[in-house]
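Proteins come first, then strands; the chains are lettered A, B, ... in the order of their sequence lines, and each starts at number 1.
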2 protein chains.
Amino acid sequence: MGITKTEIFTDQQNQIATFAKVFGHPARVAILQHLFKINACICGDLVEEIGLAQPTISQHLKELKTLGLIKGAIEGTSICYCIDKDNWTKMKSVMMQFLDQDISKESCC
Amino acid sequence: MGITKTEIFTDQQNQIATFAKVFGHPARVAILQHLFKINACICGDLVEEIGLAQPTISQHLKELKTLGLIKGAIEGTSICYCIDKDNWTKMKSVMMQFLDQDISKESCC
DNA sequence: TATATTCATTGCAATATTACGATGAATAAA
DNA sequence: TTTATTCATCGTAATATTGCAATGAATATA
């Protein structure tokens with residue numbers, strides 16, 4: 001793909017890009033929305049709810065977990081996933097700051 | 001890559017993913033931040049500011065323009081880019097709604 | 001007219017992502 | 001112990017993305 005030159009950007013810019021990237025797939029958006037709605041969920045439910053194969057859902061869950069946005073608790077044979085509220089709040093703060101830049105000035109065009 | 005099955009997701013989920021995807025690269029984050037800071041900018045300035053080759057910057061600008069987040073006005077030999085405030089506001093509203101989901105309930109884990 | 005400047009487009013090489021089947025690991029139930 | 005269930009991991013095919021050199025198009029300047 002051509003390596004992204006992360007070293008020429010600030011930590012903040014890389015962090016925003018990393019969070020945004022994980023939201024850049026509708027399956028992960030749908031997973032997060034479902035977790036917010038149901039509050040907790042096992043992988044099998046998501047497979048049924050979303051309509052993708054189990055390995056695919058499992059991979060998306062892994063990416064969300066790697067970033068720390070969700071966490072999983074073993075519950076018998078299943079694993080119960082839910083939003084990691086602390087990390088979600090931190091992420092939200094970073095993203096909001098980016099989205100909410102001052103837009104008041106006059107445009108050139 | 002394996003085609004993303006956009007048809008199994010809602011319009012809102014696809015829209016969030018599309019916006020997030022464009023923020024999923026630090027170069028585009030940096031371009032947008034610079035446009036906000038300077039309020040308007042020509043391609044050559046961004047090449048110098050960001051430190052990527054001109055065709056690369058040009059391609060990132062194209063993606064941002066395709067999504068409607070920036071617009072360009074011809075100014076002599078140059079093209080002056082700036083944030084499209086109306087579309088930025090609309091995008092912000094969609095993204096905020098996603099980021100700001102109710103987090104108050106008790107977690108399972 | 002000839003040259004310089006500025007930005008877009010094309011084409012390519014390198015690499016990342018998406019999705020799934022197959023398989024593995026772990027626990028629960030018969 | 002055997003079987004079923006649930007989820008993770010591996011491997012692979014298809015496709016998308018990143019970055020750049022080369023080139024093209026348009027205007028400004030000598």
Side-chain angles (χ1 to χ4, degrees), chain A residues 1-9 13-14 17-31 35 40-67 70-82 108-109, chain B residues 1-9 13-14 17-18 20-31 34-35 40-67 70-82 108-109:
Chain A
M1 237 201 216
I3 299 160
T4 298
K5 295 186 170 176
T6 50
E7 71 277 7
I8 67 173
F9 302 105
Q13 287 163 344
N14 284 316
T18 303
F19 282 131
K21 211 169 189 178
V22 90
F23 298 143
H25 196 287
R28 291 189 289 265
V29 171
I31 288 172
L35 288 183
C41 205
I42 59 178
C43 178
D45 290 348
L46 289 165
V47 171
E48 215 172 321
E49 173 75 20
I50 312 275
L52 289 171
Q54 181 267 321
T56 308
I57 295 290
S58 188
Q59 209 167 278
H60 286 306
L61 285 170
K62 187 183 174 185
E63 287 182 59
L64 291 168
K65 207 160 74 177
T66 299
L67 253 187
I70 65 172
K71 51 186 176 178
I74 296 168
E75 204 171 75
T77 320
S78 309
I79 292 184
C80 173
Y81 289 99
C82 65
C108 69
C109 43
Chain B
M1 240 201 217
I3 299 164
T4 298
K5 295 187 171 175
T6 51
E7 71 277 6
I8 67 172
F9 302 105
Q13 287 164 343
N14 284 315
T18 303
K21 210 170 189 177
V22 90
F23 298 142
H25 195 287
R28 291 190 288 265
V29 171
I31 288 172
H34 196 64
L35 289 182
C41 206
I42 60 178
C43 179
D45 291 348
L46 288 166
V47 171
E48 213 171 324
E49 174 74 20
I50 311 275
L52 288 172
Q54 181 267 321
T56 308
I57 296 290
S58 190
Q59 207 167 282
H60 286 307
L61 285 170
K62 188 182 172 185
E63 287 182 59
L64 291 168
K65 207 159 72 177
T66 299
L67 254 188
I70 65 172
K71 50 187 176 177
I74 296 169
E75 205 172 73
T77 319
S78 308
I79 293 184
C80 173
Y81 290 99
C82 65
C108 68
C109 42

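Considering only side-chain N and O atoms, A:K21 lies under 4.0 angstrom from the phosphate OP1 or OP2 of C:dT17. Taking side-chain N and O atoms only, B:K5 has a distance below 4.0 Å to OP1 or OP2 of C:dC20. Residue B:H60 has a polar side-chain atom (N or O) positioned under 4.0 Å from OP1 or OP2 of D:dG19.
Among residue pairs with one or both ends in residues 40-59 of chain B, none qualify as ring-ring contact (aromatic ring centres under 6.0 Å, His included); sequence neighbours excluded.
Not a single side chain to side chain donor-acceptor pair (under 3.5 Å) links B:S78 to another residue, sequence neighbours left out. Shown here are the side-chain contact (heavy atoms from CB on, under 4.5 Å) partners of A:T77, two or more places apart in sequence or in another chain: there are none.
Remark on DNA chain C: of its neighbouring residues A:Q59 and B:L61, the 5'-side contact belongs to B:L61, judged by nearest-heavy-atom nucleotide. When each of A:S58 and B:G51 is assigned the nucleotide of DNA chain D bearing its nearest heavy atom, the one mapping closer to the 5' terminus is A:S58.
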Would you mind building the protein contact string for nucleotides 22-30 of chain D? One character per nucleotide, 5' to 3', B for base within reach (heavy atoms under 4.0 Å), S for sugar-phosphate only, - for untouched. B-----S--

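Comparing D:dC7, C:dG11, C:dC7 against the side chain of A:S78 picks out D:dC7 as the nearest. The side chain of B:I42 sits closest to C:dC7 out of C:dA19, D:dT15, C:dC7. Which of C:dG21, D:dG11, C:dC7 sits closest to the side chain of B:I79 comes down to C:dC7.
Between the NE2 atom of A:H25 and the P atom of D:dT17 there is a distance of 11 Å, rounded to whole Å. Rounded to whole Å, atom P of C:dA19 lies 10 Å from atom CD of B:E7. The nearest whole Å value for the distance from the CG atom in A:L52 to the P atom in D:dC7 is 15 Å. A straight line from CD1 of B:I50 to P of D:dC20 spans 12 Å, rounded to a whole angstrom. Rounded to an integer number of Å, the gap from CD of B:E63 to P of D:dT17 is 7 Å. For the pair A:K62 NZ and C:dT17 P, the interatomic distance rounds to 12 Å; values are reported in whole Å. Spacing between atom CD1 of B:I3 and atom P of C:dA16 amounts to 22 Å, rounded to whole angstrom units. The nearest whole Å value for the distance from the CD1 atom in B:I57 to the C1' atom in D:dA21 is 16 Å.
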For residues 44-53 of chain A, which side-chain N or O atoms pair as donor and acceptor with protein atoms under 3.5 Å away, sequence neighbours left out?
none

Residues 57-66 of chain B side chain polar contacts: donor-acceptor under 3.5 Å, at least two apart:
from  : atom 1 : to    : atom 2 : distance (Å)
B:H60 : ND1    : B:R28 : NH1    : 3.0
B:E63 : OE1    : B:R28 : NH1    : 3.2
B:E63 : OE2    : B:R28 : NH1    : 3.3
B:T66 : OG1    : B:K62 : O      : 2.8

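The shortest distance between side-chain heavy atoms of A:K21 and A:T18 does not fall below 4.5 Å.
For B:E75 against C:dC7, a side-chain-to-base donor-acceptor contact under 3.5 Å is absent.
Of all non-hydrogen atoms in B:L35 and B:C41, the two that sit nearest each other are CD2-CB, 3.5 Å. Between B:T4 and A:P26, the shortest heavy-atom contact is CG2-CG, 4.0 Å.
Among the atoms of the strands shown, base atoms are found under 4.0 Å from some heavy atom of A:T56.
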